[in-house]
Amino acid sequence: MIKSLVGGIVAATAFVMLSSSAMAEPEVVKGPAAEPDCFAPWAADTQFFKFPKKEGPYRIALANGYIANTWRIQMIQTAKAYAAQKDVAAKLKEFKVVSTGEDVPAQISAINNFIDSGFDAIVVNAQNPTAFGPVIKRAKEAGVVLVAFDNILDTKDAINVNVDQKGLGELWGKWLINHIPDGGKILEVRGVAGTSVDTDRHNGIHEAFDASGKKWDVTEVAGKWDDPTAQKVTADAIATNGPFVGITGQGGDTGIVQAMIDAKHPFVPFGGETENGFRKFCAAHAADGLKCSSAGTGPAQVAVAIKTAIAALEGQVVPQSVKLPLAIVEDPNFKEGQDYFPDQSDNFFVGNSFPTCGINFTAQEIMGQTKADQ
């Protein structure tokens, strides 16, 4: 009788656990999203999620990886600035930030700790797109909303928020193709190895080159999206493999141009990111041959990721994969006070607004925050 009773309790407990897990998972529903102009689906076949509604205020964490460049620092600052805005802060009980460097297991451990601590949602800039399978499963089973942005996750069980990184690489590649009629020797300054952004942008550049029918000799170096690092590896590449007829840089582009100036390397067509210093150089030296395509997305995409997480917790319909617009300015259209700001830091990334999401930051709002964990 006792054995039978114990067996019944165990079975009932297992049923409750399975039921809770199932209830925690999002329902796949028809679109459109709750805010279709902001939460734009990645493709026509993108699924839409509707999570069980939770009562706020919410505990949300940002699990960042690499931080040793200005984009990531500004991203952390932007996340804090967004969380501090009055209407957002009213929905938050706690906002936590942790950066774990390039150590993938450390980032996974941080996400696991947030799950164990009962956070409602975790926003992540992932160091590796494929290594997070077990922690994605844990988040799903625990009813934790997991939103990846910038460097996203290779999964359909979490929400991804990103720009078309491969398309960005294609844009830079086509810019060089259009401005270098005979092909030739190109310097490609890549980002952080192993991240989805670096891989996708690289693939986009080379697919454009391969389709052009021109002959390209590409020298690849790792600049880690960081001005000092990019400047050093560019200087070394110019000394050993230069000169180049064109350059593309995923970030650290101000440092790349400075290395060209220091080495007295001729200005050449350049496809690069959205740093303020890079755009200053592009505007100042366009007549000297520095013909630029400056494109990307500012660190404010973290705010869209947090907004998406809150919408999901509120039971609103959101796409499994959200596509953000690129910020693009190309020669000869660099306008002072709009596309670059002489009075702002060279390291400041321009393009920190997503008007369709009601997100817009001043430099003062962002730079007033720290990069420290909290």
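The basis for the numbers below is simple: all heavy atoms, side chains too, and nothing from hydrogens, waters or symmetry mates.
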- Query: So does Lys156 have more than 12 non-hydrogen atoms from other groups sitting under 6.0 Å from NZ?
  - Reply: no

- Determine whether Leu168 and Val329 fall in the same hydrophobic cluster, where Ile, Leu, Val, Met, Phe, Trp and Tyr are linked whenever their side-chain heavy atoms lie under 4.5 Å apart. no

- Query: With no hydrogens and no angle check, is any side-chain donor or acceptor of Asp253 less than 3.5 Å from a backbone partner on Ile256?
  - Reply: no

- Message: Could you tell me if Asp262 and Gln258 have a donor-acceptor pair between their side chains, going purely by distance under 3.5 Å?
- Response: yes

- Message: Is the ring pair His206/Phe209 parallel, tilted or perpendicular, if the boundaries are 30 and 60 degrees?
- Response: perpendicular

- Query: So, do Pro319 and Phe49 sit near enough that their side-chain heavy atoms are less than 4.5 Å apart?
  - Reply: no

- Message: Any side-chain to backbone donor/acceptor pair from Gln374 onto Phe95? Under 3.5 Å, distance only.
- Response: yes

- Given side-chain hydrogen bond (donor to acceptor under 3.5 Å, both in side chains), test Thr219 with Asn241 step by step and report yes or no. CA-CA 8 Å; Thr219 296; Asn241 286 2; 3.2 Å; yes

- same_hphob_cluster(Val147, Val317) at 4.5 Å side-chain heavy-atom cutoff: no

- Does some side-chain heavy atom of Glu275 sit less than 4.5 Å from a side-chain heavy atom of Lys280? no

- So, do Trp175 and Asp331 sit near enough that their side-chain heavy atoms are less than 4.5 Å apart? yes

- Query: Should Lys224 and Glu102 count as an ion pair when the cut-off is N to O under 4.0 Å?
  - Reply: yes

- side-chain contact (heavy atoms from CB on, under 4.5 Å) evaluation trace for Leu171 with Ile328: CA-CA 10 Å; Leu171 183 148; Ile328 304 171; 3.6 Å; yes

- Query: Ile76, Ile306: one ILVMFWY side-chain cluster at the under-4.5 Å cut-off?
  - Reply: yes

- Between the side chains of Asp346 and Asn276, does any donor sit under 3.5 Å from an acceptor? no

- Message: Is any side-chain heavy atom of Val144 closer than 4.5 Å to one of Phe114?
- Response: no

- Message: Are Phe149 and Ile60 linked, directly or through intermediate hydrophobic residues, by side-chain heavy-atom contacts shorter than 4.5 Å (ILVMFWY only)?
- Response: yes

- Counting only N and O atoms by type, is there a donor-acceptor contact under 3.5 Å from the side chain of Thr195 to the main-chain atoms of Val192? yes

- Just by modelled atom types, is the Gly271 backbone N or O under 3.5 Å from a matching donor or acceptor in the Thr248 side chain? yes

- Assess the side chains of Asn151 and Gln127: does a donor N or O sit below 3.5 Å from an acceptor N or O? no

- Do the ring planes of Phe278 and Phe270 sit parallel (below 30°), tilted (30 to 60°) or perpendicular (above 60°)? tilted

- Okay, side chain of Ser117, backbone of Asn113: is any donor-acceptor separation there less than 3.5 Å? yes

- Give a yes-or-no answer on whether the side chains of Asp210 and Ser212 include a donor-acceptor pair shorter than 3.5 Å. no

- Exceeds 12 heavy-atom contacts within 6.0 angstrom, atom NZ of Lys137: no

- Step by step, work out the side-chain contact (heavy atoms from CB on, under 4.5 Å) result for Glu314 and Tyr58. CA-CA 10 Å; Glu314 291 177 336; Tyr58 306 114; 3.5 Å; yes

- Test item: side-chain donor near acceptor, Gln165 and Arg201, under 3.5 Å: yes

- Item | Where Gly65 and Ser99 come nearest, the two heavy atoms and their spacing | O-CB, 3.9 Å

- Message: Can you tell me how the ring of Phe281 sits relative to the ring of His285, calling it parallel under 30°, perpendicular over 60° and tilted otherwise?
- Response: tilted

- Message: Would Asp226 and Trp71 count as a side-chain contact (heavy atoms from CB on, under 4.5 Å) here? Give the steps.
- Response: CA-CA 8 Å; Asp226 172 60; Trp71 196 99; over 6 Å; no

- Task: Output yes when Arg138 and Asp116 qualify as a salt bridge under the 4.0 Å nitrogen-oxygen rule, no when they do not.
- Result: yes

- Item | Asn160 side chain to Gln320 backbone, donor-acceptor under 3.5 Å | no

- Note on the structure: Shortest non-hydrogen pair, Ser353 vs Asn360, comes out as CB-OD1, 3.0 Å

- Item | Closest contact, heavy atoms only, Ala126 versus Leu153 | CB-CD2, 3.6 Å

- Task: Determine, stepwise, if the pair Trp225 / Thr229 fulfils side-chain hydrogen bond (donor to acceptor under 3.5 Å, both in side chains).
- Result: CA-CA 8 Å; Trp225 307 315; Thr229 305; over 6 Å; no

- Item | Candidate list His179, Lys291, Lys185, Met260, test side chain to side chain contact (heavy atoms under 4.5 Å, CB included), partner Val268, passing option | Met260

- Message: Would Lys307 and Glu35 count as a salt bridge (Lys or Arg N to Asp or Glu O under 4.0 Å) here? Give the steps.
- Response: CA-CA 11 Å; Lys307 180 181 176 74; Glu35 296 184 43; 3.4 Å; yes

- Task: Kindly determine whether Asn333 and Glu330 satisfy side-chain hydrogen bond (donor to acceptor under 3.5 Å, both in side chains), including the steps that lead there.
- Result: CA-CA 6 Å; Asn333 297 317; Glu330 296 180 332; over 6 Å; no

- Query: Is Thr199 reaching over with its side chain to a backbone N or O of Ser196, donor-acceptor style, under 3.5 angstrom?
  - Reply: no

- Task: Take Lys214 and Asp182, measure what salt bridge (Lys or Arg N to Asp or Glu O under 4.0 Å) needs, and give me the verdict at the end.
- Result: CA-CA 7 Å; Lys214 300 180 181 181; Asp182 300 320; over 6 Å; no

- Message: Run Arg190 and Glu220 through salt bridge (Lys or Arg N to Asp or Glu O under 4.0 Å) and show every step you take.
- Response: CA-CA 7 Å; Arg190 299 186 61 171; Glu220 296 179 25; 3.1 Å; yes

- Message: If you count heavy atoms of other groups shown closer than 6.0 angstrom to NZ of Lys174, is the number above 12?
- Response: no

- Query: Do any N or O atoms from the side chain of Asn352 and from the backbone of Phe349 form a donor-acceptor pair under 3.5 angstrom?
  - Reply: yes

- Establish, yes or no, whether the cationic atom of Arg59 lies under 6.0 Å from the six-membered ring centre of Phe119 and within 45° of the ring axis. yes

- Task: List the atom of Trp172, the atom of Gly249, and the distance in Å for their closest heavy-atom pair.
- Result: CH2-O, 3.8 Å

- Task: Taking all non-hydrogen atoms of both residues into account, name the closest pair between Thr274 and Ala327 and its distance.
- Result: CG2-O, 4.0 Å

- Task: May I ask you to decide if Ala372's main-chain N or O and Lys80's side chain share a donor-acceptor pair within less than 3.5 Å?
- Result: yes

- Item | Side chain proximity check, Tyr340 to Phe334, heavy atoms < 4.5 angstrom | yes

- State, with a plain yes or no, whether a side-chain heavy atom of Ile115 is found less than 4.5 Å away from one of Ile122. yes

- Answer yes if Phe361 and Val163 sit in the same cluster of Ile, Leu, Val, Met, Phe, Trp and Tyr residues linked by side chain heavy atoms under 4.5 Å apart, and no otherwise. yes

- What closest approach, in Å, do Asn162 and Trp42 show between heavy atoms, and which atom pair accounts for it? O-CZ3, 3.3 Å

- Query: Taking C-beta and beyond as the side chain, do Glu170 and Ile205 meet within less than 4.5 Å on heavy atoms?
  - Reply: no

- Query: Under 4.5 Å between any side-chain heavy atoms of Val145 and Ile159, yes or no?
  - Reply: yes

- Query: Is a donor on one side and an acceptor on the other found under 3.5 Å between the side chain of Asp198 and the backbone of Gly191?
  - Reply: yes

- Show your working on side-chain hydrogen bond (donor to acceptor under 3.5 Å, both in side chains) between Asp103 and Gln107 and close with a plain yes or no. CA-CA 7 Å; Asp103 187 340; Gln107 189 176 29; over 6 Å; no

